[in-house]
Each structure stands twice: as structure tokens, then as C-alpha cells.
S.K.: 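This is the structure I want to talk about, given as C-alpha cells.
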Amino acid sequence: MFIAATLAILATMVLALVRAFVGPSVYDRILAVNAFGTKTVLLIAVLGYVTERPDFIDVALVYALINFVGTIAVMKFHKYSSLAGPPADRDDFADL
Amino acid sequence: MIHAVALGGMLYVLWLLLSGYWTDGLLLSLGAVSTVLCVLTARRMGIVDREGVPIRQAIRAVTYWPWLAWQVILSNITVAKIILNPKLPISPTLAIVPYTQKTDLGQVIFANSITLTPGTISVDMALDGILVHALEGSGIDDLMEGEMDRRVTAFEGER
Amino acid sequence: MELIVDLISWACILTGGTFLLTGGIGILRMPDFYTRIHAASLMDTMGAGMILVGLIFQTGFTLGSVKLLLVLLFLILTGPVSTHALAGAALTAGLRPKNTDDRTGGTFMGPMTHVAENDPPHPDLIGEDHR
């Protein structure tokens with residue numbers, strides 16, 4: 001049963017990767033990578049049961065948080081070209 | 001002050017659950033130290049207030065979350081049917097859904113509930129409502145009826 | 001009794017896997033970015049939720065199931081935030097939903113105010129290779 005769940009998750013990851021490669025816009029790619037990260041959390045959790053190593057859940061817990069921060073960081077970097085926020089001397093970001 | 005105490009208690013329970021050490025006195029006190037450090041840092045950041053640590057809403061969530069979960073399951077089935085339908089019968093709709101929540105926290109809860117329900121996502125906050133993109137027009141119609149809005153306002157509680 | 005719990009958890013995991021695959025297919029089939037988000041949220045809520053609930057049933061009342069519950073809670077709390085941020089960023093950058101019944105009176109569907117009419121769209125939005 002866990003093997004079946006693993007296979008379903010892996011197939012979904014492949015589908016998300018295809019969308020990340022095809023695009024077309026950069027937001028499609030970010031969406032696909034975000035979905036891929038969520039599937040990774042599930043995959044780690046299920047793999048912990050397949051290999052009977054329950055410690056994997058802790059890794060899944062941390063990955064769930066990192067995935068969110070990562071998505072937000074990529075979007076912020078894409079928008080401002082820096083992680084520090086909008087540059088002070090550019091007012092074309094004022095309405096964002 | 002009560003928010004800081006509540007945040008500290010919540011963090012310590014989280015520490016206990018994640019670590020699983022119940023007996024070793026040294027480790028328990030080290031956990032308490034890290035909890036206090038976290039609360040102090042949060043106080044310095046100025047996020048320990050009614051909005052950052054919503055105590056009342058946490059209690060009232062017992063009645064709101066089951067209803068939300070049921071709505072999520074229902075709309076999941078609807079969207080899954082649309083995706084698996086060979087004709088892909090979508091009619092994307094963009095509309096402004098008005099809200100009646102007074103606080104920022106209530107509006108965030110409403111917008112997040114809309115996004116969590118498949119078939120509708122909140123795209124932006126407009127002046128008079130939330131800009132919602134829906135997979136089909138009926139999703140907007142359901143939101144316009146305002147049941148979710150009423151429930152979120154009740155969940156938000158008085159000021 | 002154990003058999004019943006096993007059956008429930010297997011049913012949950014199977015449902016979750018089915019919804020995951022459906023969402024994956026939806027991400028590929030949907031015509032534009034804004035409709036793809038709906039398919040992705042299908043995977044985030046029902047797919048992840050059902051699989052994690054099934055795993056919780058397998059684990060029983062232990063610290064492991066508490067951790068699984070926390071994973072589910074974090075996914076549910078952070079999912080809508082990143083989805084909303086993504087959709088908002090796309091709309092602000094000028095990506096417009098296709099074939100959409102606009103009930104806002106055209107406020108959000110027109111060209112961006114600070115972009116000149118004849119400017120070509122930003123390469124991010126049409127997916128050009130910008131090497």
C-alpha cells in the first residue's frame with residue numbers, strides 16, 4: 001500500500017516537473033516547483049513507512065517549512081533582484 | 001502580557017511534542033530557556049499582540065475548521081470532476097467579493113479560506129473587497145451568497 | 001479492530017493518491033496560469049491531507065502521529081499564503097487571465113497603467129528564452 005502511494009507521488013512529481021520545463025511563464029514554473037516541494041514532503045513521510053524508519057517524519061516537518069520559505073524567497077528575488085526588498089531609490093516598486 | 005504567556009506555553013508544548021523528552025530535567029530546562037529566548041525575540045520584533053497570537057480565534061477554531069474542511073472536500077470533488085472531464089468545462093471568472101470583517105486578521109482568514117477551497121483563489125485585496133479568480137462562475141456565486149463571509153465574521157469575533 | 005483501522009487508512013491513502021494524480025493531470029491540462037493554480041490547490045489540500053491522515057491512522061496515538069499532524073497543519077497554513085502571493089505577483093506583473101468572464105468592470109484586465117501601450121510584454125510572461 002505504501003509502495004502504491006509512493007508510486008502515485010512519484011508520478012505526480014514527474015507531471016509537475018513537465019510543467020516546470022514547459023513553462024511558459026516564470027510563474028508557471030514557480031507554481032510547479034512549489035507543488036514539487038509539497039510532494040517531496042509527502043514522499044519523505046511515506047518513505048519513512050516504506051523503510052520503517054519513523055525518523056523521516058522530522059525531515060518532512062523541516063522540509064515543509066523550508067519549501068514555503070523557499071517559494072517566497074524565489075518570488076521576492078525574482079521581483080526585486082535582491083532578497084533585501086525593494087531598492088530605496090526606485091519608485092516604480094512603490095505600488096507593488 | 002497574556003499573549004506572551006500564551007505564546008510561551010504553546011512553544012513549550014511544541015518543543016515537548018517534537019523532542020519527546022519528558023523526564024530528563026536538564027533537557028527540559030534547556031527547552032524552557034530556548035522557549036523564553038524565542039518569546040523575547042518575538043517581543044522585540046513587536047509581533048506578540050492580538051493579531052500575532054490570536055487566543056480567542058484559536059478556541060473558536062473548533063467550530064470553524066470542521067465546516068471549512070467539509071467545504072474543501074466538496075469543492076475538491078467538483079474540481080476533480082472538471083479536470084477528469086474530457087471536454088474540460090471551465091468558465092474562468094474574475095470578481096470582487098465583498099467582506100464584512102473589521103480586523104486585518106479576519107480579512108486574512110477569509111482570503112486564506114477562499115484560497116484553500118479549490119476552484120477559487122484570492123488574487124488581490126481591492127478597496128471594497130477581495131479580488132477572486134474562480135475556475136467556474138458558480139464558485140463566485142457561492143461566495144457572493146456570503147455564507148463563508150458570515151462564518152468567518154463569527155469566527156473573528158467581536159473587536 | 002486492527003483490520004478496520006487498516007482499511008480506513010488504506011482508503012484514505014488511495015483517495016489521496018488519486019487526488020494527487022488528478023491534480024498533476026490538471027496542472028498539465030489547464031489552459032493558462034490562473035486555472036493551473038486551481039489544480040495545484042487540489043493536490044495541496046485533498047491529496048496531501050488524505051495521505052497524511054492515512055499515515056496517522058497507521059501510526060496510532062504516538063508522537064509520530066502528532067508530528068504528521070503538524071506537517072499537515074504547516075502545509076495547510078502555508079499553502080494558501082504562497083498561492084496567494086504567487087497569483088498576486090503574476091497579476092501585478094501584468095499576466096492576464098485568458099478567456100475570463102470579468103465581473104469587475106475591467107479594472108484588473110486592462111494593460112498595466114505604468115506600461116506604455118506599445119511596449120512588448122515582459123519576457124517572463126510569454127516564456128521567451130532570455131539568454
Side-chain angles (χ1 to χ4, degrees), chain A residues 1-2 4-20 22-32 34-35 37-39 41-46 48-49 54-58 60-65 67-72 74-76 78-79 92-96, chain C residues 6 9-10 13-14 16-28 32-33 36-37 39-40 43-44 47-48 51-52 54-55 58-59 62-65 67-68 70-75 77-79 81-83 85-90 92-93 95 113-114 122-128:
Chain A
M1 185 52 55
F2 294 133
T6 314
L7 288 180
I9 296 171
L10 282 176
T12 314
M13 288 168 98
V14 170
L15 292 174
L17 264 193
V18 170
R19 178 46 77 195
V22 174
S25 75
V26 72
Y27 300 101
D28 288 295
R29 296 175 209 268
I30 299 179
L31 179 74
N34 185 28
T38 323
K39 302 299 102 58
V41 175
L42 290 180
L43 185 67
I44 295 172
V46 176
Y49 285 81
D55 305 341
F56 276 25
I57 301 174
D58 296 279
L61 192 62
V62 173
Y63 203 91
L65 295 171
N67 180 43
F68 169 66
V69 177
T71 305
I72 297 294
V74 166
M75 271 165 45
K76 197 174 173 186
H78 172 71
K79 200 182 223 175
D92 54 338
F93 285 122
D95 58 334
L96 294 190
Chain C
D6 266 1
S9 87
W10 289 348
I13 292 178
L14 271 188
T18 317
F19 271 93
L20 279 186
L21 283 175
T22 312
I25 295 168
I27 275 197
L28 288 184
D32 78 324
F33 166 70
R36 275 172 211 141
I37 294 182
M43 301 193 288
D44 275 353
I51 283 189
L52 287 176
L55 291 183
Q58 283 285 327
T59 321
T62 56
L63 279 181
S65 57
K67 282 173 190 167
L68 283 172
L70 281 172
V71 173
L72 182 58
L73 190 71
F74 288 147
L75 282 184
L77 286 182
T78 56
V81 177
S82 51
T83 307
L86 196 57
T92 321
L95 187 68
T113 46
H114 62 273
H122 194 270
D124 288 347
L125 304 181
I126 51 178
E128 271 179 5

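Everything numeric here is computed off the predicted structure, so don't read it as measured data. In what follows, every chain begins at residue 1, and chains take the letters A, B, ... in the order their sequences are listed.
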S.K.: With a 4.5 angstrom heavy-atom cut-off, is it the side chain or the backbone of C:Ile13 that approaches chain A, or both, or neither?
M.R.: side chain
S.K.: For A:Asn34, which atoms come within 4.5 Å of any heavy atom of chain C: side chain, backbone, both, or neither?
M.R.: side chain
S.K.: Is C:Leu70 in contact with chain A via its backbone, its side chain, both, or neither, using a 4.5 Å heavy-atom distance?
M.R.: both
S.K.: With a 4.5 Å cut-off on heavy-atom pairs, point out which of C:Thr59, C:Thr62, C:Thr22 contacts chain A the most.
M.R.: C:Thr59
S.K.: Under a 4.5 Å heavy-atom cutoff, which of C:Gln58, C:Arg36, C:Lys67 has the most pairs with chain A?
M.R.: C:Arg36
S.K.: Of all the heavy-atom pairs spanning C:Gly17 and A:Ala8, show the shortest one and how long it is.
M.R.: CA-CB, 4.0 Å
S.K.: Please give me the minimum heavy-atom distance between C:Phe33 and A:Tyr27, naming the atom from each residue.
M.R.: CE1-O, 3.4 Å
S.K.: Heavy-atom distances under 4.5 Å only: say whether A:Leu31 touches chain C with side chain, backbone, both or neither.
M.R.: both
S.K.: Could you tell me which portion of C:Ala89 (side chain, backbone, both or neither) has an atom closer than 4.5 angstrom to a non-hydrogen atom of chain A?
M.R.: both
S.K.: Over all heavy atoms of both residues, which pair between A:Leu15 and C:Leu21 is shortest? Give the atoms and the distance, please.
M.R.: CD1-O, 4.2 Å
S.K.: Report the option among A:Val22, A:Val46, A:Ile9, A:Leu65 that has the most heavy-atom pairs separated by less than 4.5 Å from atoms of chain C.
M.R.: A:Leu65
S.K.: Side chain, backbone, both or neither: which part of C:Ile37 has an atom under 4.5 Å from a heavy atom of chain A?
M.R.: both
S.K.: Looking at every heavy atom in both C:Leu75 and A:Thr38, which two are closest together, and how far apart are they?
M.R.: CD2-CG2, 3.8 Å
S.K.: Under 4.5 Å from any heavy atom of chain C, what part of A:Ala45 do you find: side chain, backbone, both or neither?
M.R.: both
S.K.: What part of A:Phe2 gets closer than 4.5 Å to chain C, counting heavy atoms only: side chain, backbone, both or neither?
M.R.: side chain
S.K.: Do you know which of C:Ile27, C:Leu55, C:Val71 has the most heavy-atom pairs under 4.5 Å to chain A?
M.R.: C:Leu55
S.K.: Roughly how far, to the nearest 0.5 Å, is CD1 of A:Ile30 from OG of C:Ser82?
M.R.: 10.5 Å
S.K.: Run the numbers on A:Leu42 and C:Leu20 for side-chain contact (heavy atoms from CB on, under 4.5 Å), then give the verdict.
M.R.: CA-CA 11 Å; A:Leu42 290 180; C:Leu20 279 186; 4.1 Å; yes
S.K.: For C:Leu28, is it the side chain, the backbone, both, or neither that has a heavy atom closer than 4.5 Å to a heavy atom of chain A?
M.R.: both
S.K.: Checking heavy atoms, do the side chain of C:Phe74, its backbone, both or neither come under 4.5 Å from chain A?
M.R.: side chain
S.K.: Between C:Ala48, C:Ala40, C:Gly54, which shows the greatest number of heavy-atom pairs under 4.5 Å with chain A?
M.R.: C:Ala48
